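What follows is one structure encoded as structure tokens, with my remarks underneath.
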Amino acid sequence: MEINHEECGVCEDCIEVCPEGAIKKKGYKIVITDDCTDCGECIDICPVGAIYKEE
């Protein structure tokens with residue numbers, strides 16, 4: 001998973017929904033750690049569509 005930091009509003013919805021705890025707030029940005037299993041829960045919850053699967 002990747003985050004478009006220009007689009008991300010740092011609402012933290014993705015942090016709360018991640019079943020693996022793989023999304024963290026670091027400073028003023030949201031980051032996805034290596035614990036991510038690509039489940040897609042964060043994509044579904046992001047209100048601005050800032051999270052996407054890398055190809």
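As the structure is a prediction and not an experimental result, all values here were calculated from the model. Below, all heavy atoms of this structure are taken into account, side chains as well, without hydrogens, waters or symmetry copies.
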query = Cluster question for you: counting only ILVMFWY and a side-chain heavy-atom cut-off of under 4.5 Å, with indirect links fine, are Val17 and Ile51 together?
reply = no
Donor-acceptor contacts, no H, no angles, side chain residues 18-40, under 3.5 Å, sequence neighbours left out:
{"residue": "Lys24", "atom": "NZ", "partner": "Gly21", "partner atom": "O", "Å": "3.1"}
{"residue": "Lys25", "atom": "NZ", "partner": "Glu12", "partner atom": "OE2", "Å": "3.3"}
{"residue": "Thr33", "atom": "OG1", "partner": "Ala22", "partner atom": "O", "Å": "3.1"}
{"residue": "Thr33", "atom": "OG1", "partner": "Asp35", "partner atom": "N", "Å": "3.3"}
{"residue": "Asp38", "atom": "OD1", "partner": "Met1", "partner atom": "N", "Å": "3.3"}

ask   = Applying salt bridge (Lys or Arg N to Asp or Glu O under 4.0 Å), which residue pairs with at least one partner in residues 1-11 are found, sequence neighbours left out?
value = none
task = Looking only at non-hydrogen atoms, find the nearest pair between Ile3 and Cys8 and report the distance.
result = CG2-CB, 4.0 Å
ask   = Applying the 4.5 Å side-chain criterion to the ILVMFWY set and letting contacts propagate, would Val10 and Ile43 be lumped into a single cluster?
value = yes
inquiry  = Enumerate the salt bridge (Lys or Arg N to Asp or Glu O under 4.0 Å) contacts for residues 39-54, please, sequence neighbours excluded, ordered by first and then second residue.
reply    = none
message = Could you tell me if the side chain of Asp13 sits less than 4.5 Å from the side chain of Pro47, heavy atoms only?
response = yes
